[in-house]
Amino acid sequence: MRHVVPAMMLFAAAATPAGAAEKWKCSASGLIAATYTGGATAYIHLSPFAYGGNYKVTKKGSKATGVTANGTRFTCSKVAN
């Protein structure tokens with residue numbers, strides 16, 4: 001019986017990987033590419049600019065919002081895994 005409990009615990013640990021990455025989807029007018037991982041900033045690349053930048057976000061639960069240097073507002077929402 002001693003070996004049953006540790007085996008069950010091992011299975012539970014494998015079913016829920018530690019540090020599983022959260023998935024987020026961002027939207028903004030003219031959005032070309034975006035990356036957000038749940039931290040303090042999001043990478044936002046807007047048209048017609050040649051490259052993007054990292055912008056501060058305000059995170060509330062499953063949503064994060066921010067404003068780019070040219071005033072474009074963006075929203076990133078957590079996606080269910």
Side-chain angles (χ1 to χ4, degrees):
M1 189 68 174
R2 286 185 187 189
H3 298 287
V4 174
V5 174
M8 291 173 69
M9 291 173 63
L10 179 62
F11 176 78
T16 55
E22 297 177 335
K23 294 181 182 181
W24 295 79
K25 183 176 181 180
C26 300
S27 60
S29 179
L31 185 67
I32 293 174
T35 304
Y36 181 63
T37 59
T41 63
Y43 172 81
I44 304 292
H45 179 187
L46 302 174
S47 177
F49 303 103
Y51 54 89
N54 289 302
Y55 299 98
K56 187 177 176 180
V57 300
T58 299
K59 185 178 171 186
K60 291 185 180 178
S62 62
K63 291 210 183 279
T65 58
V67 181
T68 66
N70 76 341
T72 301
R73 296 185 181 279
F74 63 89
T75 301
C76 299
S77 300
K78 192 173 180 181
V79 178
N81 289 338

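- Under the side-chain hydrogen bond (donor to acceptor under 3.5 Å, both in side chains) criterion, no residue pair touches residues 31-46, with sequence neighbours excluded.
- Not counting sequence neighbours, the partners of Ser77 by the side chain to side chain contact (heavy atoms under 4.5 Å, CB included) test are Lys63, Thr75.
- For the side chain to side chain contact (heavy atoms under 4.5 Å, CB included) with Phe49, the lone residue among Asn70, Ile32, Thr68 that qualifies is Asn70.
- Legend: salt bridge (Lys or Arg N to Asp or Glu O under 4.0 Å) pairs involving residues 66-80, not counting sequence neighbours, sorted by first then second residue: Glu22-Lys78.
- Residues satisfying the side chain to side chain contact (heavy atoms under 4.5 Å, CB included) test with Ala28, not counting sequence neighbours, are Leu31, Leu46, Thr72, Phe74.
- Heavy-atom minimum distance, Ile44 versus Ala34: CD1-CB, 3.9 Å.
- Screening residues 45-55 for salt bridge (Lys or Arg N to Asp or Glu O under 4.0 Å) gives no qualifying pairs among residues at least two apart or on separate chains.
- Looking at residues two or more places apart in sequence or on another chain, you find a side chain to side chain contact (heavy atoms under 4.5 Å, CB included) between Thr58 and Lys60, Thr65.
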